[in-house]
Amino acid sequence: MFLFASLGSGSEGNSFLIKTDKTIFMVDCGFNYKETENRLSELGLTFSDINHILITHEHEDHMRAIKMIIKKEKIQISCSYGTAKKIGIVDEVNIINPGDIVVDNDLQVEVVPVPHDAREPCHYVFKKDTLKIGIITDFGSLTPKIIESYSNLNYLVVEANHDANLLMKSSYPTSLKNRIFGKLGHANNDLTFDLISQIKKDKLKKIIFCHLSKQNNQKEIIKHTVKEYFDKFQCEFISQENIFNWSEIK
Ligand SMILES: [Zn+2]
């Protein structure tokens with residue numbers, strides 16, 4: 001068994017789940033504790049079912065529940081030193097380094113550094129036997145390491161944050177526009193397209209788009225921008241409001 005699900009994704013909260021016969025990983029806990037608990041229950045889970053939490057970076061929409069989880073639960077938590085330092089949880093977590101491969105039960109997890117305006121942001125690629133799923137959000141540009149690590153996936157979960165034109169025309173202050181659009185910002189649909197274009201896709205089956213901006217993106221624009229791949233692979237979206245139910249990686 002090798003399953004993926006999400007509690008939801010967007011600027012108000014992100015959380016993803018990977019489940020095997022032996023373990024359940026949570027990547028990010030960006031909803032508050034109560035909301036996380038509620039959404040977990042929709043997937044038939046409680047906090048006590050989670051074996052390991054990985055944090056990608058210190059922005060609120062990725063770690064809102066972490067301090068409460070540390071206080072109330074006994075779950076192993078891992079993240080980079082920079083992320084732990086910035087959140088103030090260095091003593092409570094297991095520090096992992098960019099480039100590490102973390103082995104936990106039947107999973108190997110690669111820690112991949114990404115360009116984003118956080119202290120030491122990392123995203124994660126999960127491998128079980130010959131199957132691989134990679135999750136990547138909050139990246140403002142591509143690196144050779146990203147292309148290498150996200151090649152030969154079966155499942156890709158990728159940010160499609162905004163459409164560049166919609167963002168530029170939006171009422172956001174210029175400083176925020178520049179932050180989102182910058183090399184350390186968020187992936188616009190063209191950058192998402194570039195990532196998909198550059199990775200090796202021989203085994204790729206499904207692409208799941210996430211972290212969509214409510215104001216500055218639309219599913220139809222994403223479909224249009226990545227049309228070539230939308231027609232070729234199974235494509236789905238994760239919303240902010242609802243859970244994304246278990247999907248088997250194969
Ligand atoms: Zn972020």
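By convention here, the first residue in the shown sequence is residue 1. Counting convention: from 1, in listed order, for ligands and their atoms alike. Predicted, not measured: the structure shown is a model, and the values here were computed from it.
Within the 4.5 Å cutoff, the side chain of Lys201 has heavy atoms near those of the Ile196 side chain.
For a distance bound of 2.8 Å, the N, O or S atoms of His116 include one lying that close to the Zn ion (ligand 1). Not one N, O or S atom of Asp61 sits under 2.8 Å from the Zn ion (ligand 1). Distances from the Zn ion (ligand 1) show that His59 has an N/O/S atom below 2.8 Å.
The aromatic rings of Phe25 and His52 sit parallel, their planes meeting at an angle under 30°, below the 60° perpendicular limit. Note: Phe16 and Phe4 have parallel aromatic rings, judged against thresholds of 30 and 60 degrees for the angle between ring planes. Below 30°, between 30° and 60°, or above 60°: for Phe230 and Phe209 the angle between ring planes is below 30°, a parallel geometry.
Of all the N, O or S atoms in Asp138, the one closest to the Zn ion (ligand 1) is OD2.
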